[in-house]
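Below you'll find the structure, written out as C-alpha cells, and then a few comments.
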Number of protein chains: 2
Amino acid sequence: MPTIDDVAVKAQVSTATVSRALNGKSSVDPELAERVRRAAAELGYQPNGPARNLRRKTTATLSLIVPDVTHPFYASISRGFEDTARAAGYSVVLCNTDDDPDKERRYLEVARQECFAGVVMCPAPTATQIDDLTGPTTPVVTLDGACETHDRVLVDSRAAVERAAVHLISQGYQRLACVIEPACHTDTGRLAGFHRAHRAAGRADDGQVVVCRADGGPSDPYVMLTALLSDPAPPDALLVARHELAEGALRAIAERGLRLGADIGVVVFDDAPWLSLLRPAVSVVSRPAYAIGTTAARQVLARLTAKSNGVEDTALQADLIVRGSSIRVP
Amino acid sequence: MPTIDDVAVKAQVSTATVSRALNGKSSVDPELAERVRRAAAELGYQPNGPARNLRRKTTATLSLIVPDVTHPFYASISRGFEDTARAAGYSVVLCNTDDDPDKERRYLEVARQECFAGVVMCPAPTATQIDDLTGPTTPVVTLDGACETHDRVLVDSRAAVERAAVHLISQGYQRLACVIEPACHTDTGRLAGFHRAHRAAGRADDGQVVVCRADGGPSDPYVMLTALLSDPAPPDALLVARHELAEGALRAIAERGLRLGADIGVVVFDDAPWLSLLRPAVSVVSRPAYAIGTTAARQVLARLTAKSNGVEDTALQADLIVRGSSIRVP
DNA sequence: CTGTTAGCGCTTTCAA
DNA sequence: TTGAAAGCGCTAACAG
C-alpha cells in the first residue's frame, strides 16, 4: 500500500502538496498537480480513510436508523437515502432497531465513537436523549418522529387519512373503523384526520377506533381484526392507517370470505405492487418512501455545510389511490 | 471529548494501561482496571473510532453489496446480515449496485480505502476483478455468485426447481414453461433442474424455456409473459425461477383472467406474505434469505480470525411450498 | 503487570 | 504557491 509519502517522493514535492493537489482544496501549480496525479496513478495510490478521518475528526459516513429494513416502507427509504448519500460521496451504515430503545442507544453511540458525519433516524416510541449520545455537533434528522429538538422529515398523513375517510363516506359506507396503534404519536394525528372527516360529513364523530399492536403479541392485528369482523354490528369499512397492520387486516378479511369493496370498504397504508394484484385491487394511502429517504439525506448533508439555526421541518404529501377495494358496488 | 490521556491522568496510570484495561486484551491488575473503568465512566470517555482504526489498520465495519435492498429477498438478507454482524460488534455499510459493475467497483474501492474488515457481495453478472480492489487480505464472500476465487454462500435452487417441476408434472400439467434470465449463471443451474425433472418423468426434454429480462426494457416480464400466454398453444404451467419476475408473471396471468391452478399451474421464487393472500394462494420455492444473510456474516467474520486456506462454500436448501396455484382442480 | 515510546497516514497551520 | 512540522488519539512493541 503506497502512502502519501511515496507519492510525494515520486512526484518530488512535499506531502502537503500531494494532499492539496489530490483534494483540490487549495490552489496548486497546475504542473505540479499533474505530476502528483501521475505519480499517484502510477503507484496505484489510494488515500487511507482512517488516517484522513482521524485528522479531519469526521468521516464520510451517515447512519440510517430504522425499525426494520425488511418492511418495504423502510426499504424504500433506505434506498432513497443511500442513493443520494452515495452521490454526495457518503457511505451509509444501516441500523435496524425493532423500535428497541437499547439498540437505538447503541447505534447512536457507535455513530458518535466512529465520528459519523450525521444520522437520520426513525426514533423509537420511547424518547431517547439523542444529543447526549451524538454530541450537539452532529446533525440529526428524524423521520416521522415526535422529536421537537431536531430537523424532521414528515408526511402529512393526517390530511391523507382525512381524504381517505371522506372518500369512504362518500361511497356510502356507514360504519368506518380506523385501525391504528395509539401509542404511536403519528397515529394520533391520523386519528384526528379520521374524526375530522366524520364531522365534515355531518356524521356523529363516532367512527370506531380499533387499537392494534403490531408486535404479534396478544393484540396481533390479524386476531384483533378477526374479532372485530365477528362483531354483531361490524364496521363496513376499514381504514388501516399503519403499514404494519395492512397485511394482517387483509388476511382477516379474506379468511372470513368478505368481498373487498362490496362487503367491506378498505383503504390501507402504504402502496405495494401486490396490492393491485388482489381482486379487486386495494385502495391505498401511499407515502413517498423513496423521496423521504432522499429528502432526509439532503437535509443532513445540508446541515453539514450550512449550520442554519433552529429546527427545520420538511413535509411531504401522501397520495390517496382509489382502487376497487373502496368502491361500493351493490 | 475526553481522550485516553485524560482517563490515564485521572486514574493515575499510563495510557497503555487504560487501553489494556478497556479492551480487555492483556491482563491488568484488577484494582487498576477498576480505577480505569471508574475514571472512564466519570469522564464519559468514549474511545475515538478513527484513531483506533488508523492504529489497528482495520475497522469494525463490513460492506454488504446487493443489487437492490427494496427487493424483499435482499432486504431479508441484509437484515440477517446486520443482525449477526452487529452482535459481533460490527457495523454494516449498505450498498445497492443495480447490478451495475461501475457501482460495484466504487463500493469495493471504498471498502479498501476505509479499511473495512470484510465484504459480502452479490456480484454483478459482469465479472469484476475483486482482489484488485480489495487487496488479497480482505475476506470477501459472494452470494449466489459464479465466483470461483472466494467463499460462497449459495442456495441449491437447482434441486428446488427440480422438485417444483416434478410436482407440476405430477399434477398433470402438460406444457411447463420455465421463466428465467439466462444471462445469469445461477439460472442455468435452475434450468438444469427443470430439464432433469422432465427426463425423470419420461417426458421429452422439451420443457419450454422463457427468457425474460428483469430490467423493464423491451423484454419486460409482464410483456413477455402476456405474449407467451397469447400463444396458440400456451403453456399450462409456469415455473418462475427468478424472484424479480414473479410479480410481472402473476400480473400477466391475472389480466388475462386465467385462474391459478385450474387454468394454469404456477410456482414462483420466492415466498412473501402476500402470496398466500391471493386466491388461490401461490405455491413457491422459498429460499432462506435471512439465513443467507446470517451465514454470510458468520463466514466473513470467521475469515477474520482463522485464515483457513482454500475456498469455502456453504449451501443452503430451498423449500418447495405447495399451495393452491399449483394444484390442478378441474 | 505496567510504563515509555514510536508511530499509523493524513491534513493543516505556520513560515518562507 | 510550497514545504516543514506538528499532531489527531490510539495501540503495540519493548523494556523494565
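Chain letters run A, B, ... following the sequence lines, proteins first, then strands; residues in each count from 1.
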From [atom1] of [X] over to [atom2] of [N], roughly how many Å is that when rounded to an integer?
X: B:L22; N: D:dC10; atom1: CG; atom2: C1'; value: 12 Å
X: B:Q12; N: C:dT2; atom1: CD; atom2: P; value: 14 Å
X: B:R52; N: C:dC10; atom1: CZ; atom2: C1'; value: 20 Å

What pairs of residues pass the ring-ring contact (aromatic ring centres under 6.0 Å, His included) test when at least one of them lies in residues 98-150 of chain A, not counting sequence neighbours? none
A:T295: side chain to side chain contact (heavy atoms under 4.5 Å, CB included) partners, not counting sequence neighbours: A:V153, A:R298, A:T314, A:L316
Residues at least two apart in sequence or cross-chain that pass side chain to side chain contact (heavy atoms under 4.5 Å, CB included) with A:T134, listed by chain then number, are A:L108, A:V119, A:I130, A:D131, A:T138, A:V140
Tell me which pairs pass side chain to side chain donor-acceptor pair (under 3.5 Å) where either residue lies in residues 13-22 of chain B, with sequence neighbours left out. B:S14-B:T17, B:S19-B:N23
With sequence neighbours excluded, give me every side chain to side chain donor-acceptor pair (under 3.5 Å) pair touching residues 109-120 of chain A. A:E114-B:N53
So which protein N/O to nucleotides 12-16 of chain C N/O distances come out below 3.5 Å?
unit_1, atom_1, unit_2, atom_2, d
C:dT12, O4', A:R55, NH2, 3.3

Can you find a side chain N or O atom of B:N23 that sits less than 4.0 Å from OP1 or OP2 on D:dT11? yes
Can a side chain N or O of A:K57 be found less than 4.0 Å away from OP1 or OP2 on D:dG9? yes
What's the spacing between A:L62 CG and A:F81 CZ if we round to 0.5 Å? 4.0 Å
Near DNA chain C, under 4.0 Å by heavy atom, which residues of residues 2-11 of chain B? none
Heavy-atom contacts under 4.0 Å between residues 32-49 of chain B and DNA chain C, which residues? B:L32
Once salt bridge (charged side-chain N to carboxylate O under 4.0 Å, His left out) is applied, do any residues pair with [X], and if so which ones, sequence neighbours excluded?
X: A:D99; result: none
X: B:E148; result: B:R152
X: B:D68; result: A:R79

Candidate list A:T84, A:L301, A:T61, test side-chain contact (heavy atoms from CB on, under 4.5 Å), partner A:Y90, passing option: A:L301
Check ring-ring contact (aromatic ring centres under 6.0 Å, His included) between A:Y74 and all other residues, then give those that pass, not counting sequence neighbours. A:H243
Among the nucleotides C:dG9, D:dT1, D:dG3, which one has an atom lying closest to any side-chain atom of A:D29? D:dT1
